[in-house]
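In what follows, a single structure is set out as structure tokens and then discussed.
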Protein chains: 2
Amino acid sequence: MRPENAKTRRKPRADSLRNRERLLEAATQIFSAGGPQASLEAVARQAGVGIGTLYRHFPTREALFEAVYRHEVDLLGELAEQLAREDDPVEALRKWLQANVRLVATKKGMIEALQLVAHGSSDLKAYSFERLTNSIGLLLDRAVAAGEIRSDVPPEDLLRTLVGIFYSQGTTDWQPTALRLVDVFVDGLRKR
Amino acid sequence: MRPENAKTRRKPRADSLRNRERLLEAATQIFSAGGPQASLEAVARQAGVGIGTLYRHFPTREALFEAVYRHEVDLLGELAEQLAREDDPVEALRKWLQANVRLVATKKGMIEALQLVAHGSSDLKAYSFERLTNSIGLLLDRAVAAGEIRSDVPPEDLLRTLVGIFYSQGTTDWQPTALRLVDVFVDGLRKR
DNA sequence: TGATAAACGGAGGCATCCTCCGTATAAATA
DNA sequence: TATTTATACGGAGGATGCCTCCGTTTATCA
């Protein structure tokens, strides 16, 4: 006799959890290298599981992609919380923005991925928009509170500006330009 | 004896030209409906030619897509020249911008298409950027010369703003919003 | 240590990609 | 106009990817 609700449930199987992790990790790699339309069979191969297992965990390409993307967004959120404990608030903000640029730069597929998100599932869109806006807000408020930057730029505008920087850049060697633009923008936020 | 250069060339075959046209037209339809990753075999079917013919004319998906996109850009260029002959220069500018919105709206695939261009062949990017900038410049200069709008907004900025409006919108029912934003922006350009 | 719910792998059917080459045909030539 | 020949045509076919289905395996629970 088990004392739980009507729906008595077994503990999830250990191999299931493990495979899910492996798939997520493999998908991050494969999508990063090949964009979000990369072969799902390649993902399964990379993870060392059967294609059926992939589809059981993530019934559609979008489901897998969303899980990967959510994970990346969460990592950026954690980075923001970590940076919020640094001394110099303006530098913390700058570092976070630069981390975004580097993330996109090292993962060539991420650019296309971002575009899919921009016009895909609005759940995911809402989630990541909120999460990223909060991250920026955290760092921004601290810098504003310290009296170091102007207070009339809301986090949303900063996020959109960041995305704009990604979009407007070409494919080759855009990272230095993007980093410079971020620098300029952060400097522009500073009070004179 | 033919009086031409070392490379004596026949006139291109009529069927070849015709098929190229048909493929372009079919691709415009198919890509518009299904986005740039739509089936190429569907394009060939729609055009009423064999798949081999498609590949002979356009060796890669990108080549076909580029041709389609160039054609659309050229049409917008021609529209600008036509509008430049209208009476009211500000209205002409507004109409051209609205035509852009409608073009993208009726062709759902165009949004993804634009994104491909943004990170694809830089030839195509340069070509379309220049062509569209010129179109805007044509209409803008006329309105400036008539003293109706401010003179400190270069065509490039206007183009980027337009693209930004496309990107920032969600998938559903964004056309009214985009048209409104265009309106606001054009009104903002007016001298008080 | 069995019973069994849950997860696993991958074969198989279908779609698309792209290449290759025998056939057809439009332009050139006589 | 008839013949030649460069050029283009169509589509079969091999490779790959998508996704489903189901017989087999295995982790949990008693």
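Every chain is numbered from 1, with letters handed out A, B, ... down the list of sequences. Here the structure is a predicted model, which is why all the values come from computation and not from measurement.
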Do the side-chain N or O atoms of A:Asn19 get closer than 4.0 angstrom to the phosphate oxygens (OP1, OP2) of C:dC8?
yes

Per-nucleotide protein contact string for nucleotides 20-27 of chain D (B base, S sugar-phosphate only, - none; heavy atom under 4.0 Å):
B-----BB

Pairs involving residues 18-40 of chain A, ordered by first then second residue, that meet side-chain hydrogen bond (donor to acceptor under 3.5 Å, both in side chains) (sequence neighbours left out):
A:Gln29-A:Gln46

With sequence neighbours excluded, residues passing side-chain hydrogen bond (donor to acceptor under 3.5 Å, both in side chains) with A:Asp187
A:Arg94

Is any side-chain N or O of B:Ser39 closer than 4.0 Å to OP1 or OP2 of C:dA15?
no

Quick one: do the B:Asp74 and B:Tyr69 side chains pair a donor with an acceptor below 3.5 Å?
no

Taking CZ from A:Arg20 and P from C:dC8, how many angstroms apart are they, rounded to a whole number?
11 Å

Search all heavy atoms of B:Val68 against all heavy atoms of B:Ala27 and return the closest pair with its distance.
CG2-CB, 3.6 Å

Separation of C:dA15 atom C1' from B:Gln37 atom CD, nearest Å, is 14 Å

dist A:His71:NE2 -> A:Leu24:CG (nearest 0.5 Å) comes out at 6.5 Å

For B:His57 and D:dC9, is the shortest distance between a side-chain N/O and OP1 or OP2 below 4.0 Å?
yes

Counting side-chain heavy atoms from C-beta on, which of D:dG10, D:dT28, C:dC18 comes nearest to B:Thr53?
D:dG10

I need the CZ-C1' distance between A:Arg22 and C:dG9, as an integer number of Å.
14 Å

Once side-chain hydrogen bond (donor to acceptor under 3.5 Å, both in side chains) is applied, what residue pairs with a partner in residues 49-58 of chain A remain, sequence neighbours excluded?
none

Please determine, for the side chain of B:Ser16, which listed nucleotide (D:dG10, D:dG17, D:dA8) has the closest atom?
D:dA8

Length of the line joining A:Glu41:CD and C:dG12:C1', which is rounded to integer Å
12 Å

Counting only N and O atoms by type, is there a donor-acceptor contact under 3.5 Å from the side chain of A:Trp96 to the main-chain atoms of A:Leu76?
yes

Which residues pass the side-chain hydrogen bond (donor to acceptor under 3.5 Å, both in side chains) test with B:Arg102, not counting sequence neighbours?
none

Flag if over 12 foreign heavy atoms under 6.0 Å of CD, A:Glu86:
yes

Rounded to whole angstroms, how far apart are CD on A:Glu62 and C1' on D:dC18?
12 Å

In whole angstroms, the gap separating P of C:dC17 from CG of B:Leu64 amounts to 11 Å

Once you build an axis from the first five pairs and another from the last five of the helix from C:dT1-D:dA30 to C:dA30-D:dT1, how far apart in angle are they, to 10 degrees?
10°

Return the value, rounded to whole Å, for the distance between atom NZ of B:Lys11 and atom P of C:dA27.
6 Å

Between C1' on C:dC8 and CG on A:Leu17, what's the gap in Å once rounded to a whole number?
15 Å

